[in-house]
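Proteins come first, then strands; the chains are lettered A, B, ... in the order of their sequence lines, and each starts at number 1.
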Amino acid sequence: ARQVVRPKEKMTTSEEVKPWLRTVYGSQKELVTPTVIAGVTFSEKPEETPNPLKPWVSLEHDGRPKTIKPEINKGRTKKGRPDYSTYFKTVSSHTYSYEELKAHNMGPNEVFVEEEYIDEDDTYVSLNPIVRCTPNLYFNKGLAKDIRSEPFCTPYENSRWKVDKTYFVTWYTRFFTDENSGKVADKVRVHLSYVKENPVEKGNYKR
Amino acid sequence: DIPATFFSSEWIDNDNGLMPVEVRDEWLQDQFDRRIVVSVQPIYISDEDFDPLQYGILLYITKGSKVFKPTKEQLALDDAGITNDQWYYVALSIPTVVVVFFVFMYFFLYVNGKNRDFTDVTRKALNKKRRVLGKFSEMKKFKNMKNHKYTELPSYKKTSKQN
């Protein structure tokens with residue numbers, strides 16, 4: 001005898017992702033449509049009042065998203081949003097002569113080179129809630145773990161991707177800089193290819 | 001155009017450096033798991049010059065673990081009387097056919113019991129048992145055998161001392 005199982009009614013939410021309007025590059029109006037991928041909402045409308053403890057999305061080693069909730073502990077923010085340092089900034093050098101600066105500790109023939117970091121255009125980057133890949137998030141790969149994983153941050157080598165699940169492949173965008181033009185590639189595409197498995201490695205995974 | 005490549009995305013903006021990939025069952029080609037390489041091709045590198053293994057990441061795609069346990073939906077369907085019991089009927093039909101065959105056989109033999117006559121067969125078998133072997137010396141197998149004729153065994157002569 002078995003008791004009748006009544007499947008629970010699925011809870012639905014009235015909170016739908018609706019398009020929203022924003023102004024970019026000064027006066028250009030733009031409609032933004034949020035999209036939900038693997039539970040992560042992209043292009044979400046920013047809150048009216050910025051919340052420093054707003055959860056952000058990190059990635060597991062295999063590329064699955066995980067939400068991180070920042071905490072304030074003893075006056076310090078822990079697990080806060082990632083700081084990208086200067087990885088996405090562009091360096092601009094300015095050369096100043098003595099005549100321009102007239103610094104008292106500068107020789108008349110000396111020149112001063114000042115490096116200025118220019119922030120990237122975050123018009124579209126700001127709509128991404130997932131942590132971006134930077135070289136400090138690279139891992140080591142290979143049998144001896146002595147090869148840097150550039151340009152990838154996720155997935156880690158020998159991760160196991162399961163059917164019907166969604167994983168995020170992340171790479172450092174500035175890795176793809178054309179040597180001839182010095183410009184970062186504006187378009188890329190991702191390939192998945194079969195690899196012949198080493199017979200020694202085959203079937204070693206404990207199911 | 002890239003060898004062994006089973007999935008290539010569209011050209012996407014290189015803004016955020018991320019792309020979601022949903023693993024599909026057909027990529028496994030009826031295997032439990034497959035080793036693959038993930039690679040990113042920038043637009044300034046042509047398909048001919050692009051090598052997926054140069055900066056690729058090796059990983060596995062797998063069917064994942066399967067737990068063979070009735071789900072809530074399956075149990076609800078069973079309770080509603082919607083079942084998929086074809087295997088059950090197949091498994092039951094085989095012994096049923098065997099039992100029916102033996103019952104039919106029993107009645108067939110019972111009905112035809114009086115009409116059976118195996119005397120010729122039994123006679124033949126009994127005659128085989130009563131066969132006369134004949135003389136040993138005429139047997140084909142032992143015809144050429146040199147057998148000594150019976151002679152009286154030598155008698156032992158007692159000496160005088162023995163007496």
Is there side-chain contact between Val40(B) and Phe152(A), with at least one heavy-atom pair below 4.5 Å? yes

Could you tell me which portion of Arg34(B) (side chain, backbone, both or neither) has an atom closer than 4.5 angstrom to a non-hydrogen atom of chain A? side chain

How would you list, in number order, the residues of residues 36-43 of chain A that have a heavy atom less than 4.5 Å from chain B? Ile37(A), Phe42(A)

Just so I know, are the side chains of Val21(B) and Thr166(A) near enough to count as touching, which here means a heavy-atom distance under 4.5 Å? no

State, yes or no, whether a side-chain contact exists between Ser149(A) and Ile57(B) at a heavy-atom distance under 4.5 Å. yes

Any Arg35(B) side-chain heavy atom under 4.5 Å of Tyr194(A) side chain: no

State, with a plain yes or no, whether a side-chain heavy atom of Glu22(B) is found less than 4.5 Å away from one of Tyr167(A). no

Classify the angle between the aromatic ring planes of His191(A) and Phe50(B) as parallel (below 30°), tilted (30 to 60°) or perpendicular (above 60°). tilted

Supply the atom-to-atom distance Tyr60(B) OH to Lys162(A) NZ, rounded to the nearest 0.5 angstrom. 15.5 Å

If we define contacts as heavy-atom pairs under 4.5 Å, which of Val37(B), Ile61(B), Ile43(B), Asp79(B) has the most with chain A? Val37(B)

Do you know which two heavy atoms are closest between Pro151(A) and Tyr55(B), and how far apart they sit? CD-CB, 3.8 Å

Neighbours of chain A found in residues 8-17 of chain B - heavy atoms under 4.5 Å: Ser8(B), Ser9(B), Glu10(B), Trp11(B), Ile12(B), Asp13(B), Asn14(B), Asp15(B), Asn16(B), Gly17(B)

